[in-house]
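The block underneath contains the structure these notes are about, expressed in structure tokens.
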Amino acid sequence: MRTLTIEQREALGAQIAKRADALRTEVAASLRQPGNSDSIHLANHLAEIDDDAVADLETALDIAALERDLVELRELETAARSLHGPDFGVCEDCQQEIPFRRLVANPAAIRCTPCQAGHERKHGAPRSASM
Ligand SMILES: [Zn+2]
């Protein structure tokens, strides 16, 4: 069963494009900040952050924000590519459809709300980290 209509997918696609543009602007702006060469390194080696990167707290906070932006941007790009595919809007864990209103709130969502909550309990939820 597929409840997402073409119109709904296109609405989500427009939202994804808008959010991705905003993120790209934000990322570009923070990469241009003077003395932030670590961020450029980060952009190229997102998966290789080591403990040295958190030595300078201020830099670390910038990098954490930038990292979140880049992760979200990557998720949005993935969502945009699969937007009209059969797997879009289907929960990765339980294979149920993700409600449209959840996709509107987060077009890059790959899990339904209960599965996402379970996933975050198991793996942590970096986006809501209290720092
Ligand atoms: Zn699910």
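For the ring pair (Phe, Tyr, Trp, His ring centres under 6.0 Å) test, no residue two or more places apart in sequence or in another chain qualifies with H84. With sequence neighbours left out, the side chain to side chain contact (heavy atoms under 4.5 Å, CB included) criterion links Q15 to L12, V104, P107. In terms of the side chain to side chain contact (heavy atoms under 4.5 Å, CB included) criterion, residue partners of E77 (sequence neighbours excluded) are, by chain and number, R24, L73, R81. For R19, the side chain to side chain donor-acceptor pair (under 3.5 Å) test picks out E72, with sequence neighbours left out. Annotation: salt bridge (charged side-chain N to carboxylate O under 4.0 Å, His left out) contacts of E10 (sequence neighbours excluded): none. Residues meeting the side chain to side chain donor-acceptor pair (under 3.5 Å) test with E26, sequence neighbours left out: none.
Counting all heavy atoms, side chain and backbone alike, A108 lies closest to A79 at CA-CB, 4.0 Å. Nearest heavy-atom pair across R111 and D93 is NE-OD2, 3.2 Å. Of all the heavy atoms in L83 and R9, the pair that sits closest is O-NH1, 3.0 Å.
Summarising the geometry, atom CG belonging to L23 is positioned 12.0 Å from atom CD1 belonging to I16; distances are rounded to the nearest 0.5 Å. For the atom pair SG (C115) and NZ (K122), the distance works out to 8.5 Å, reported to the nearest 0.5 Å. For the atom pair CD1 (I63) and CD (E67), the distance works out to 9.0 Å, reported to the nearest 0.5 Å. For the atom pair CD of Q8 and CG of L103, the computed distance is 9.0 Å after rounding to the nearest 0.5 Å.
Considering only heavy atoms from C-beta on, E92 stays 4.5 Å or farther from H119 through its side chain. Put simply, the side chain of T78 does not reach to within 4.5 Å of the side chain of I110, judged on heavy atoms. Side chains of L70 and V27 form a contact here, defined as non-hydrogen atoms less than 4.5 Å apart.
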(request) Evaluate side chain to side chain contact (heavy atoms under 4.5 Å, CB included) for S82 paired with D87, printing each intermediate quantity in order. (result) CA-CA 7 Å; S82 61; D87 294 335; 5.9 Å; no

